[in-house]
Amino acid sequence: MKKITFALLAMLSVFVVKTSAQNYQPLENGYYRIQNAVTKRYIAVHDNKDMSNRAGGTINMDLGAIALISESEAQTDPGTIILLEKRGNMYYNLRAQGTDIYQIMNRNETNFAISYAGDREGKPTYSAVIRATASAGSATAYLDDEGGWLGIDNQTTSAWFVEPIEAGEGLEINASLKDEDTYFKSFYSSFAYKLPNGVSAYYAKGYDSEGKANMVEIKNKVPAATPVILASQSNSYTLTPINETVSAVSGNILKGVYFNINSTSHNGKFTHKNQTAIDPATMRIFDYDGGIPRFVKKTSGYVDANSAYLAIDSKHQDDVYSCNLVEPTEEPSTITAKSYTIKYGDEIPELEYTTEGGLVMGVPALSCEATMGSPVGVYDIIISKGTVRNKKATFVNGTLTIEKAPLEVTPGEYSMYFGEEVPTFYLVYFGFKNHENEYTPGVFTSYPEATCEATSKSEPGEYPIYVSGGEAPNYELIYTNGMLTIDPKTGIDEVIAAGGTFDIYDLNGMLVREKAKNFEGVMKGVYIVNGEKYIVK
């Protein structure tokens, strides 16, 4: 792994990345993966040890704690999930695996900057810069990829993609321990995460009278730096980090390990050996015991990176460390799917359940055949075993009731002059679902109608337009009446139809327009033409 030596950097011709106020794109706080734009390798934190030597004003900064790994490896390595935290302007702290860039590289003598370095492949790239100081001066290094090692003097590989981890992305988990139809994995990460569907997380809160680890389920979100046992219906799933504070659990006797590294950097001068040896007097490892996943006693080896183990004390040396996760209580329990009522076209709610009786270990499977497009009716919510370990569990189905959605029907507003034919009324609908309309086959079994008592001989005034009738299997029709306004006939049409020209006067006898052929451009009001009153609307 490349080291940074101040004396060497003083002689380097440090290349400068040109930026401008227009191009600068500051990164927000959040979780990212950092990939070299040229080699496509990812940064991964594999140690928290600071191997630097700053004696005599010389900076020897070892970067062996930070590995560069392939894209396929990055998807399953928690060390690639990095939390960026702003420290002002372009300076950042990068946190991962219970450590951060300042801890690794000596917080008091190092600054770490990320700045925009131009676009590649239609995406912004960034330069990662270390600025180190010592009594003799300071040095600047642009980080790069030198054949799979983090380096400082290869300008062609100094550009990095800094990619936010979106919902549904994150860390791929592959669980290998299996009992019946449930997969297990001990896991420890520095980031909080939301549990995907079908995955449960448990921590250990003391022991029961039989020496079993007393496992407690964590619902929905797992706090940062919380060692757990994950249980799932599938051996493969994805954990997505969340940049929020999740309340910590209390009394957890599971402990976690971030690192299990034993390597020498490529320059042969810095050895990274950061391993936690298995101690049979203080820990039990989650592994197979007689074909069943349990906490078992091991006498040699090292604790796996990003895994959890059970911490024990002298009082429990001889206890049998199975756990009620895989050997649940025999007390009867009832697991009931919740029932729901929604309107036609609404999203199907997230299916949940309730429990009564003995502690339920695991997560039941829930399913319902209804979709957003399903018609009005009652649908069963089927609940089944899933990963539930309880042998005396009873499962009770729920129901999803889809009711008619409200659909407003109105003819709107109309107007006519006295003596004219009553206009045709057109109905307007508000509230259709699933991209339907009044012409979609099957929406209506019969259509509503609009009626009005007004005729061409009705006196000027306002007449309600009533809506009635109609039937729609998935909609409750809500009628809003319209209005037909009959205005007095102005006589203007007759004047124009007679041909010729005419003078227009206001009510005060003032000439408004001479030798007019029509009333275009005349303001609204009452006027005199040929001794008769006419209304302009």
Side-chain angles (χ1 to χ4, degrees), residues 28-32 45 48 78-79 81-86 93-100 103 164-171 173 175 184-208 212-232 237-258 286 295 305-312 323-325 328-329 333 335 338 349-356 358-364 366 386-389:
E28 299 298 326
N29 290 348
Y31 283 100
Y32 296 80
V45 177
N48 62 352
I81 296 179
I82 297 173
L83 176 63
L84 265 64
E85 294 179 331
K86 286 185 177 179
N93 193 10
L94 278 65
R95 299 184 182 275
Q97 296 286 77
T99 186
D100 59 63
Q103 178 182 339
I165 297 176
E166 308 290 351
E169 301 174 350
L171 185 70
I173 296 294
F184 299 96
K185 183 178 181 63
S186 69
F187 183 67
Y188 183 54
S189 72
S190 61
F191 55 85
Y193 51 92
K194 187 177 187 302
L195 291 168
N197 290 335
V199 180
S200 301
Y202 302 88
Y203 71 98
K205 193 169 185 178
Y207 318 97
D208 64 17
K212 293 180 181 179
N214 190 25
M215 307 303 291
V216 180
E217 186 173 2
I218 299 175
K219 300 288 188 180
N220 195 22
K221 298 175 182 179
V222 177
T226 303
V228 294
I229 304 298
L230 298 173
S232 60
Y237 47 90
T238 299
L239 300 180
T240 300
I242 51 177
N243 190 19
E244 61 182 83
T245 301
V246 181
S247 299
V249 300
S250 61
N252 190 6
I253 57 175
L254 293 181
K255 306 299 179 184
V257 171
Y258 286 122
F286 199 71
F295 291 108
N306 296 105
S307 69
Y309 65 88
L310 182 69
I312 63 170
C323 62
N324 56 22
L325 175 62
T329 175
S333 57
I335 308 174
K338 288 185 178 181
E350 184 176 349
L351 303 180
E352 298 179 334
Y353 61 92
T354 60
T355 63
E356 294 182 11
L359 178 67
V360 174
M361 304 303 295
V363 179
L366 293 158
T387 62
V388 171
R389 310 297 295 169

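Partners of Glu352 according to the salt bridge (Lys or Arg N to Asp or Glu O under 4.0 Å) rule, which considers only residues two or more places apart in sequence or in another chain, are Lys338. Every residue meeting the side-chain contact (heavy atoms from CB on, under 4.5 Å) condition with Ser189, not counting sequence neighbours, appears here in chain and number order: Phe187, Phe191, Tyr193. Applying the ring-ring contact (aromatic ring centres under 6.0 Å, His included) criterion to Phe286, with sequence neighbours excluded, gives Phe295. When the side-chain contact (heavy atoms from CB on, under 4.5 Å) test is applied to Thr226, the partners found at least two apart in sequence or on another chain are Ile218, Val222, Pro223, Val228, Val249, Asn252. Shown here are the salt bridge (Lys or Arg N to Asp or Glu O under 4.0 Å) partners of Lys221, two or more places apart in sequence or in another chain: Glu244. With sequence neighbours excluded, the residues that form a ring-ring contact (aromatic ring centres under 6.0 Å, His included) with Tyr258 are Tyr188. Under the rule for a side-chain contact (heavy atoms from CB on, under 4.5 Å), the partners of Ala175 that lie at least two apart in sequence or sit in another chain are Tyr183, Lys185. Not a single side chain to side chain donor-acceptor pair (under 3.5 Å) links Glu356 to another residue, sequence neighbours left out. For the side chain to side chain donor-acceptor pair (under 3.5 Å) test, residues two or more places apart in sequence or in another chain that qualify with Thr99 are Gln103. The salt bridge (Lys or Arg N to Asp or Glu O under 4.0 Å) test applied to Glu28 returns Lys86, not counting sequence neighbours. In this structure, Lys205 has no salt bridge (Lys or Arg N to Asp or Glu O under 4.0 Å) partners at least two apart in sequence or on a different chain. Judged as a side-chain contact (heavy atoms from CB on, under 4.5 Å), and not counting sequence neighbours, Ala248 has no contacts.
When every heavy atom of Gly358 is checked against every heavy atom of Ser333, the shortest pair comes out as O-CB, 3.5 Å. Here the closest non-hydrogen pair linking Ile82 and Ala96 is CG1-CB, 4.1 Å. The shortest heavy-atom contact between Ala192 and Tyr31 is N-OH, 4.3 Å. Shown here for Ser190 and Gly98, the closest heavy-atom pair between the two residues is CB-N, 3.5 Å. Counting all heavy atoms, side chain and backbone alike, Tyr203 lies closest to Ser250 at CE1-O, 3.5 Å.
Contact of the Thr238 side chain with the Leu171 side chain is not registered, since no non-hydrogen atoms from C-beta on lie closer than 4.5 Å. In this structure, Pro196 and Val199 have side chains that are in contact, with non-hydrogen atoms separated by less than 4.5 Å. Contact of the Asn306 side chain with the Gln97 side chain is registered, since non-hydrogen atoms from C-beta on lie closer than 4.5 Å. Val216 has its side chain out of reach of Tyr202: every pair of non-hydrogen atoms, C-beta onward, lies at least 4.5 Å apart. Using a 4.5 Å heavy-atom cutoff, the side chains of Leu84 and Leu94 are in contact. The shortest side-chain heavy-atom distance between Met215 and Ile229 falls under the 4.5 Å cut-off.
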| request: Given side-chain contact (heavy atoms from CB on, under 4.5 Å), test Glu166 with Thr240 step by step and report yes or no. | output: CA-CA 8 Å; Glu166 308 290 351; Thr240 300; over 6 Å; no

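Enclosure of atom CG in Asn29 by more than 12 non-hydrogen atoms of other residues, nucleotides or ligands within 6.0 angstrom is indicated.
The CG atom of Asn93 lies 4.0 Å from the CG atom of Asp100; values are rounded to the nearest 0.5 Å. Atom CG of Leu366 is separated from atom CD1 of Ile335 by 9.5 Å, given to the nearest 0.5 angstrom.
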